Amino acid sequence: MTIPVTLDQTIEHTDRGPLSRDEMAEIVASDIPDGAFVNLGIGQPTQVSNHLAHDSGVVLHTENGMLGMGPVATGDQIDPDLTNAGKVPVTELPGASYFHHADSFAMMRGGHLDVCVLGAFQVSEHGDLANWHTGAPDAIPAVGGAMDLAIGAKDVFVMMTLFAKDGAAKIVPQCTYPLTGLACVSRVYTELATFLVGPDGVTVAETFGTTVDELATRLDVPLRRLGA
């Protein structure tokens, strides 16, 4: 079941943004319901763990076999044997547990995760996800458990920059890179806006340092507003 949106209408924060990665992670964390079981993908999504409230009851699952992951480890907290799937040193919360890699994937494929947060190269206007290979000859493909998460989690959030280094938009009418999953993404968090995607196309929930009209001139997909 898709997590309900708390906003009634689109909000344009023209005096705030573009957001830093840390600010994006804070917004993603605020949209995760208390008590949810969540997997955070490698890269930017890992920072979401630093913004979850201590009393949220959110249980973080790692692809390499852990329930109860805490924030990213720093200083004396770093234990080289305690990392997430991206090999980033992390902490453990009271009650944390460890299990076999196969059991970890069984949790992902069996629909036991409420939310996963992944990075992406492209997301289509209807929620198709491409996040493991750009097709470039010198690129190293790295699918990991992304396909299992994309299909197994009840809600798939994407956290990424809105534009690639060459200026190309990452929200597109159709993905041109190899797909990870079809119609699986429900929300996209970027430095310029938060988007809802699905069968009805792309709806802008919030903008940061820009407006919906300005974004519409830079994206090749129709943009809708909440409450319109």
Side-chain angles (χ1 to χ4, degrees), residues 1-6 19 21-73 77 82-120 123 127 129 131-132 142-160 180-181 183-190 194-198 205:
M1 178 180 293
T2 300
I3 297 170
V5 179
T6 56
L19 301 180
R21 291 183 178 185
D22 210 43
E23 290 172 321
M24 290 166 57
E26 184 176 6
I27 291 176
V28 175
S30 70
D31 282 352
I32 294 175
D34 289 353
F37 285 79
V38 179
N39 182 291
L40 302 177
I42 63 174
Q44 293 186 44
T46 298
Q47 298 184 33
V48 174
S49 65
N50 297 336
H51 297 280
L52 294 168
H54 295 300
D55 60 352
S56 68
V58 171
V59 178
L60 294 180
H61 164 277
T62 68
E63 188 178 312
N64 55 328
M66 178 183 182
L67 273 178
M69 184 184 81
V72 174
Q77 296 176 322
L82 184 55
T83 70
N84 63 16
K87 300 180 181 178
V88 175
V90 296
T91 57
E92 60 179 6
L93 299 180
S97 60
Y98 303 89
F99 34 84
H100 190 276
H101 205 196
D103 294 326
S104 178
F105 271 67
M107 294 179 191
M108 294 154 59
R109 295 170 180 169
H112 302 292
L113 297 178
D114 297 302
V115 181
C116 72
V117 185
L118 300 172
V123 176
L129 171 66
N131 82 339
W132 67 280
V143 67
M147 291 181 180
D148 308 87
L149 289 166
I151 299 303
K154 297 169 185 169
D155 230 317
V156 178
F157 293 174
V158 161
M159 184 178 170
M160 66 179 188
T180 306
C184 55
V185 177
S186 57
R187 299 188 195 186
V188 179
Y189 297 83
T190 77
T194 298
F195 303 90
L196 313 178
V197 296

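Only heavy atoms go into these numbers, but all of them, side chains included; no hydrogens, no water, no symmetry mates. Quick caveat, the model's predicted, so the values are computed rather than measured.
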- Is the shortest heavy-atom distance from the side chain of Glu26 to the side chain of Leu19 under 4.5 Å? no
- Item | Min side-chain heavy-atom separation Met159-Val48 under 4.5 Å | yes
Locate the shortest heavy-atom distance separating [X] from [Y]; write the atom from each residue and the value.
{"X": "Ser49", "Y": "Pro71", "result": "OG-CA, 3.7 Å"}
{"X": "His100", "Y": "Ala102", "result": "ND1-N, 2.8 Å"}
{"X": "Gly70", "Y": "Val90", "result": "O-CB, 4.5 Å"}
{"X": "Gly41", "Y": "Pro45", "result": "O-CB, 3.4 Å"}
{"X": "Thr190", "Y": "Val188", "result": "CG2-CG1, 3.7 Å"}

- Message: Asp22 vs His51, test: side-chain contact (heavy atoms from CB on, under 4.5 Å). Steps then yes/no.
- Response: CA-CA 9 Å; Asp22 210 43; His51 297 280; 3.0 Å; yes
- Item | Contacts of type ring-ring contact (aromatic ring centres under 6.0 Å, His included), residue His101, not counting sequence neighbours | Phe105
- Note on the structure: Residues passing the ring-ring contact (aromatic ring centres under 6.0 Å, His included) test with Phe157, sequence neighbours excluded, are Tyr189
- Task: With sequence neighbours left out, write down each residue that passes salt bridge (charged side-chain N to carboxylate O under 4.0 Å, His left out) with Arg109, or none if nothing qualifies.
- Result: Asp148
- Message: Applying side-chain contact (heavy atoms from CB on, under 4.5 Å) to Leu149 and Leu118, what does each step give before you reach the verdict?
- Response: CA-CA 9 Å; Leu149 289 166; Leu118 300 172; 3.9 Å; yes
- Derivation and outcome, side-chain contact (heavy atoms from CB on, under 4.5 Å), residues Leu60 and Val58: CA-CA 6 Å; Leu60 294 180; Val58 171; 4.0 Å; yes
- Message: Does anything in residues 36-48 form a side-chain hydrogen bond (donor to acceptor under 3.5 Å, both in side chains)? List the pairs, not counting sequence neighbours.
- Response: Asn39-His61
For the pair [X] (side chain) and [Y] (backbone), establish whether a donor and an acceptor sit closer than 3.5 Å, ignoring hydrogens and angles.
{"X": "Asn131", "Y": "Gly119", "result": "yes"}
{"X": "Thr62", "Y": "Leu67", "result": "no"}
{"X": "Arg187", "Y": "Ile3", "result": "yes"}
{"X": "Ser104", "Y": "Glu63", "result": "yes"}
{"X": "Thr180", "Y": "Met147", "result": "no"}

- Is the number of heavy atoms from other residues, nucleotides or ligands under 6.0 Å of Ile27 CD1 greater than 12? yes
How long is the span from the [atom1] atom in [X] to the [atom2] atom in [Y], to the nearest 0.5 Å?
{"X": "Leu93", "Y": "Met69", "atom1": "CG", "atom2": "CE", "answer": "8.5 Å"}
{"X": "Lys154", "Y": "Phe37", "atom1": "NZ", "atom2": "CZ", "answer": "9.5 Å"}
{"X": "Glu92", "Y": "Met66", "atom1": "CD", "atom2": "CE", "answer": "5.0 Å"}

- Residue pairs fulfilling salt bridge (charged side-chain N to carboxylate O under 4.0 Å, His left out) with at least one residue in residues 99-108, sequence neighbours excluded: none
- After noting the C-alpha distance and the side-chain angles of Asn64 and Thr83, does the key distance pass the side-chain contact (heavy atoms from CB on, under 4.5 Å) rule? CA-CA 9 Å; Asn64 55 328; Thr83 70; 4.0 Å; yes
- With sequence neighbours left out, write down each residue that passes side chain to side chain contact (heavy atoms under 4.5 Å, CB included) with Ala36, or none if nothing qualifies. Ile32, Pro33, Val38, Asp114
- Compute whether any side-chain donor of one residue and acceptor of the other, for Ser186 and Asp155, lie under 3.5 angstrom apart. yes
